[in-house]
K.L.:
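Below you will find the structure I want to go over with you.
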Amino acid sequence: MDGEPADRQRAVSAAIRRFPQFELPIHRLMDRSEGFQDMCEELAEAELALSRIDKVPPALRESRRAEWQELVDRLVGEIGAVLHADATRKSRVIPWPPR
């Protein structure tokens, strides 16, 4: 449990780096959705692995780089889709009282 806040912070930071315009929704969704939190944590882990690719043996490096980059790209797409769906749902809320 000790590592949990640091993991969460890395996950939040990874998502905000990719989607700075959605900083508040990212924080809200992290609290509300375990699935969203998992995606952000996976993104942070994949980015970290990609940043350490030079430590992978040369024979495996390019295939691993491609795998990690593909995972990063897929997660960015999924996180973006959740954020855009959340924003669309929020924009359909009718303020009360109507103006």
Side-chain angles (χ1 to χ4, degrees):
M1 284 285 198
D2 287 344
E4 216 170 289
D7 290 345
R8 179 187 165 95
Q9 187 52 51
R10 275 193 294 275
V12 168
S13 294
I16 291 172
R17 265 195 313 279
R18 301 293 179 143
F19 302 98
Q21 71 277 30
F22 290 108
E23 185 171 354
L24 261 55
I26 287 168
H27 284 282
R28 190 178 64 250
L29 284 165
M30 288 291 287
D31 291 335
R32 216 176 65 204
S33 170
E34 193 173 321
F36 183 79
Q37 185 174 348
D38 289 346
M39 280 190 282
C40 293
E41 288 172 358
E42 285 180 44
L43 175 61
E45 289 171 18
E47 286 179 339
L48 183 61
L50 199 52
S51 76
R52 295 179 175 168
I53 199 70
D54 291 337
K55 294 183 171 119
V56 172
L60 301 172
R61 195 171 293 153
E62 286 313 308
S63 64
R64 292 293 185 266
R65 183 188 318 272
E67 288 173 18
W68 286 114
Q69 187 62 59
E70 186 179 314
L71 180 58
V72 166
D73 293 344
R74 182 179 58 79
L75 289 164
V76 167
E78 290 176 12
I79 291 167
V82 170
L83 291 169
H84 288 287
D86 183 65
T88 300
R89 191 170 55 251
K90 296 275 183 273
S91 70
R92 288 188 296 210
V93 172
I94 299 167
W96 191 260
R99 294 177 188 169

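Keep in mind that this is a model prediction, so the values were computed, not measured.
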K.L.:
Return the CD to CG distance between Q37 and D31, rounded to the nearest 0.5 Å.
P.N.:
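Rounded to the nearest 0.5 Å, the CD-CG separation comes out at 8.0 Å.
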K.L.:
So L43 and R74, do their side chains get closer than 4.5 Å, heavy atoms only?
P.N.:
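R74 does not reach L43 side chain to side chain.
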K.L.:
Kindly compute the distance separating CD (E41) from CG (D7), expressed to the nearest 0.5 Å.
P.N.:
6.0 Å
K.L.:
Would you give the length of the straight line joining atom CH2 of W68 to atom CZ of R52, rounded to the nearest 0.5 angstrom?
P.N.:
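Rounded to the nearest 0.5 Å, the CH2-CZ separation comes to 11.0 Å.
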K.L.:
Just to verify, which of R17, R10, Q9 counts as forming a side chain to side chain donor-acceptor pair (under 3.5 Å) with S13?
P.N.:
Q9
K.L.:
Would you say that R18 contacts I26 through its side chain, given a criterion of any heavy-atom pair below 4.5 Å between the two side chains?
P.N.:
no
K.L.:
Taking L48's backbone N and O only, do any of them form a donor-acceptor pair with S51's side chain (distance below 3.5 Å, no angle check)?
P.N.:
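It does hold such a pair.
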K.L.:
Determine whether more than 12 heavy atoms belonging to other residues, nucleotides or ligands lie under 6.0 Å from atom CD of E34.
P.N.:
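Counting other residues, nucleotides and ligands, CD of E34 stays at 12 neighbours or fewer.
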K.L.:
Heavy-atom distance under 4.5 Å between the side chains of E23 and V12, does that happen here?
P.N.:
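Result no, sub-4.5 Å side-chain heavy-atom pair not found.
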K.L.:
Rounded to the nearest 0.5 Å, what's the gap from CD on E47 to CG on L71? Could you check?
P.N.:
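The CD atom of E47 sits 10.0 Å away from the CG atom of L71.
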K.L.:
In Å, rounded to the nearest 0.5 Å, how long is the span from CD of E78 to CG of D38?
P.N.:
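The CD atom of E78 sits 11.5 Å away from the CG atom of D38.
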K.L.:
Verify the neighbour count for atom CD of E67: are there more than 12 heavy atoms of other residues, nucleotides or ligands below 6.0 Å?
P.N.:
yes
K.L.:
Restricting to non-hydrogen atoms, name the atom on I53 and the atom on R61 that form the minimum distance, rounded to 0.1 Å.
P.N.:
O-NE, 3.4 Å
K.L.:
First locate atom CG of L29, then atom SG of C40, and finally report the distance between them rounded to the nearest 0.5 Å.
P.N.:
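It is 8.0 Å, given to the nearest 0.5 Å.
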K.L.:
Taking C-beta and beyond as the side chain, do D73 and Q69 meet within less than 4.5 Å on heavy atoms?
P.N.:
yes
